[in-house]
2 protein chains.
Amino acid sequence: MTNIKEIAKRAGVSPSTVSRALSGKGYVSEEKKRRVLAVAEEFDYAPNLNALSLKTGITRRLGLVAPAFIESVSLFTGGFVRAAEENGYTVTLFMTGSDVSKEVEALEALRRKQVDALVFVMFKSDLSLIASYTKYGPIVSWQRIIHPNIPSVFMNQYDGYTIALEHLYARGYRRICNIYGSPTRLNTQSRIDAFRDFCAKYELDPLACPSFDDMGNPSHGEQMVRWWLENGQIPDAFATTNDRVAAGMVAEARRLGLRIPEDFAVCGFDNLDFADMLDLTTIHYPVNEQAGNAFSIIRSRIEEIELPLRPLKFHLVQRSTT
Amino acid sequence: MTNIKEIAKRAGVSPSTVSRALSGKGYVSEEKKRRVLAVAEEFDYAPNLNALSLKTGITRRLGLVAPAFIESVSLFTGGFVRAAEENGYTVTLFMTGSDVSKEVEALEALRRKQVDALVFVMFKSDLSLIASYTKYGPIVSWQRIIHPNIPSVFMNQYDGYTIALEHLYARGYRRICNIYGSPTRLNTQSRIDAFRDFCAKYELDPLACPSFDDMGNPSHGEQMVRWWLENGQIPDAFATTNDRVAAGMVAEARRLGLRIPEDFAVCGFDNLDFADMLDLTTIHYPVNEQAGNAFSIIRSRIEEIELPLRPLKFHLVQRSTT
DNA sequence: TTGTATGCGTTATCAT
DNA sequence: ATGATAACGCATACAA
């Protein structure tokens, strides 16, 4: 509504003086400063951020790109928004539904200067496509990738998965069945490596139980329980790709009258909210801290400063399913 | 980087012709249009949205204000973002942690034209404070309030709660204990009314069991189970304020070796994701649709058009806890 | 159909 | 210490 020129007229000074008085940059006499501030107050002045963005080329807005706002994505979003707001940035959402064309829209928003930088929580586009937009602003990824221009705040799940396996071993389980996620993900490969090394260490047969790929939903967990019943009930423990699969197993086992951990143990991964409600043993994945690091990387690039990253560690949360 | 003036020079036309060619508004010959488009493509032209916002006074950005991004808030956010993006709007997040000063920051963002409108998912500020910002743009609320300038997309929970009570009655429960949320919320009052009318209809004594106020977390649910054990085990069913409290009850009952629904029944409210995993009977609350309506109200005000709102209905989701 | 000129609100540069 | 002026990138009223 009311702009700097208006305030200048009312206060009997020039627009530049008003600008200086309000921003605190540059010289301005105490008397005029007081007058300007009073007039600005009186006429309900508020700076127009679009003009500022145009002038400076900086929006202090960051884009967050995710397929949907469920569970761990929400957790990441919360952590990222908190870090951003603490430092005077604002976060704009881009929800893709795993649709590549929507991902491009987010990239275009960066190109058109709607945001200063982007964080991709999860994506499907070719890495090279995303990388071609880094010339418009910093881009970081949560999803584990390796690219010279796109830092990723991933954690190597080798360590976390090893914690799960060691825990199961310590509890006496020897016939462990692995339920993996997407085989194309680097994290899946890390888990496979962890299991191989674990078996070698304790001289277990890695092929004693079959493994399963591409699991991720509660329904997959339910499926696994039925598989267990119908195929000799061999495994005495399941190490799962995430808490959702584990939750599906727990729910289905209960419906079928099976007892956990007596019939078989289940270990989740992530430690989402509902893991507590289901009393699920799981591996805590510090999503909040990863989000904070994602922001720090972005900020350090935008403001050209060095910022420390918080070290990240998995840990076991033991509950009643093991 | 490259702007309209630059393209104009390269294409041998005036900036306004470029503007017209790119926007499709106004007359421009086919030949020049082709030339301009080719040059724009070649020089990687992208319009600067900040300049556009400054010029037009419209950002096509909406602010969403919420305390944190957990559970039903995430659900609402997802629905709102989807609706917004489908219509060419973008959503910026303001996370308040229930801190009033953070809510003011969101209001200020509206005043400073960083966003065109705001939706308050939940808030603590005085309604009059929020209302004083409606002169800067539309503001709508999910939280149930009544104010002439701030539409709310609430649903009257009288209906939903009645569905829960009728279901419990039909399943044979007669000693129903109400676990309410914050007593200052209008929705709590609606539920109290629903229970009163329900008791009258079936000639039940409304005071047969005590009611509880201000519950909301799983820990409150755990507390309720212990209360039940220590105080004569009177109620045969609990109608809870939300799924989180219900989940706490289910988890604690399991730990204590109680059987649900034999020892007592539990009915949740909301039908969040984990309700399915816990096999919780609950009342489905169409959050997505409410978010869509919130967006429609905002859009109708911004674009000054009439938009229909989707009718909303609760329904029962019967699972194994009743 | 096209081009010129102006303004959106702000800040930075440069005189004064 | 202060003010005039230009510039950020775009759209549009108006003239041609």
Side-chain angles (χ1 to χ4, degrees), chain A residues 1-37 39-40 43-61 88 108-116 136-137, chain B residues 1-37 39-40 43-61 88 108-116 136-137:
Chain A
M1 316 248 172
T2 134
N3 56 22
I4 281 199
K5 212 191 287 180
E6 174 90 11
I7 302 299
K9 203 191 303 173
R10 305 276 186 191
V13 297
S14 75
S16 15
T17 301
V18 175
S19 174
R20 281 189 288 257
L22 293 171
S23 71
K25 297 191 147 203
Y27 301 99
V28 53
S29 71
E30 270 308 314
E31 186 232 327
K32 296 206 173 182
K33 186 168 190 172
R34 260 199 313 279
R35 204 158 76 217
V36 166
L37 259 41
V39 173
F43 287 89
D44 192 34
Y45 171 78
N48 182 316
L49 294 184
N50 296 311
L52 224 154
S53 293
L54 173 60
K55 179 73 181 155
T56 63
I58 292 171
T59 66
R60 292 193 85 82
R61 240 175 281 130
E108 282 295 314
L110 177 64
R111 192 159 88 103
R112 295 167 178 218
K113 308 216 173 289
Q114 185 168 43
V115 294
D116 293 336
Y136 303 115
Chain B
M1 319 250 167
T2 135
N3 55 24
I4 281 199
K5 212 192 288 181
E6 173 91 11
I7 303 299
K9 203 191 301 174
R10 305 275 186 193
V13 298
S14 76
S16 39
T17 300
V18 176
S19 174
R20 281 189 287 257
L22 294 172
S23 72
K25 295 192 148 206
Y27 301 98
V28 54
S29 71
E30 269 309 313
E31 186 231 330
K32 298 207 171 180
K33 185 168 190 170
R34 260 200 312 280
R35 205 158 76 218
V36 166
L37 260 40
V39 174
F43 288 89
D44 190 33
Y45 172 78
N48 183 315
L49 295 184
N50 296 311
L52 221 154
S53 293
L54 174 60
K55 178 71 184 159
T56 62
I58 293 171
T59 66
R60 292 192 87 82
R61 240 176 282 130
E108 282 295 314
L110 176 64
R111 191 158 88 103
R112 296 167 177 217
K113 309 220 173 284
Q114 186 168 44
V115 295
D116 293 337
Y136 304 114

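Letters A, B, ... are given to chains in the order of the sequence lines, protein chains preceding strands, and every chain is numbered from 1.
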Expected rows: protein N/O vs nucleotides 7-11 of chain D N/O, under 3.5 Å:
unit_1: dA7(D); atom_1: N3; unit_2: K55(A); atom_2: NZ; d: 3.2
unit_1: dG9(D); atom_1: OP2; unit_2: N3(B); atom_2: ND2; d: 3.4
unit_1: dC10(D); atom_1: OP1; unit_2: Y45(B); atom_2: OH; d: 2.4
unit_1: dC10(D); atom_1: OP1; unit_2: N48(B); atom_2: N; d: 3.2
unit_1: dC10(D); atom_1: OP2; unit_2: I4(B); atom_2: N; d: 2.6
unit_1: dA11(D); atom_1: OP2; unit_2: S19(B); atom_2: OG; d: 2.9
unit_1: dA11(D); atom_1: N3; unit_2: K55(B); atom_2: NZ; d: 3.4

Quiz item: When rounded to the nearest 0.5 angstrom, what distance separates CZ in R61(B) from CZ in R61(A)?
Solution: 3.5 Å

Quiz prompt | Net bend of the helix from dT1(C)-dA16(D) to dT16(C)-dA1(D), end axes of five pairs each, nearest 10 degrees | solution = 50°

Exercise. Grab the CD1-P distance between I7(A) and dG9(C) for me, whole Å please.
Key: 12 Å

Practice problem: Would you mind reading off the distance between L22(A) atom CG and dT10(C) atom P, rounded to a whole angstrom? | Solution: 9 Å

Quiz item: Sequence neighbours excluded, which residues qualify as side chain to side chain donor-acceptor pair (under 3.5 Å) partners of Y136(A)?
Solution: D44(B)

Quiz item: Shortest non-hydrogen contact from K5(B) to P15(B)?
Solution: CG-CG, 4.3 Å

Quiz item: Does D116(A) have any side chain to side chain donor-acceptor pair (under 3.5 Å) partners at least two apart in sequence or in another chain, and if so, which?
Solution: T59(A)

Quiz item: V39(B) versus Y45(B): any side-chain heavy-atom pair under 4.5 Å?
Solution: no

Quiz prompt | Smallest separation among heavy atoms of S14(B) and A8(B), with atom names | solution = C-CB, 3.7 Å

Quiz item: When rounded to the nearest 0.5 angstrom, what distance separates CD1 in I58(B) from NZ in K113(B)?
Solution: 10.0 Å

Cut-off 3.5 Å, no hydrogens considered: what does the side-chain donor-acceptor table look like for residues 21-29 of chain B, sequence neighbours left out?
unit_1: S23(B); atom_1: OG; unit_2: S19(B); atom_2: O; d: 3.0
unit_1: S23(B); atom_1: OG; unit_2: K25(B); atom_2: N; d: 3.1
unit_1: S29(B); atom_1: OG; unit_2: K32(B); atom_2: N; d: 3.3

Self-check item: Positions of residues 25-35 of chain A (non-hydrogen atom under 4.0 Å from DNA chain D), listed by number
Solution: Y27(A), V28(A), S29(A), K32(A)

Practice problem: Verify the contact: side-chain N or O of T17(B) to OP1 or OP2 of dT2(C), cut-off strictly under 4.0 Å; return yes or no. | Solution: no

Practice problem: Might you work through the salt bridge (charged side-chain N to carboxylate O under 4.0 Å, His left out) test for R111(B) and E108(B), ending with a clear yes or no? | Solution: CA-CA 5 Å; R111(B) 191 158 88 103; E108(B) 282 295 314; 3.3 Å; yes

Quiz item: Rounded to the nearest 0.5 Å, how far does CZ of R112(B) lie from CG of L110(B)?
Solution: 11.5 Å

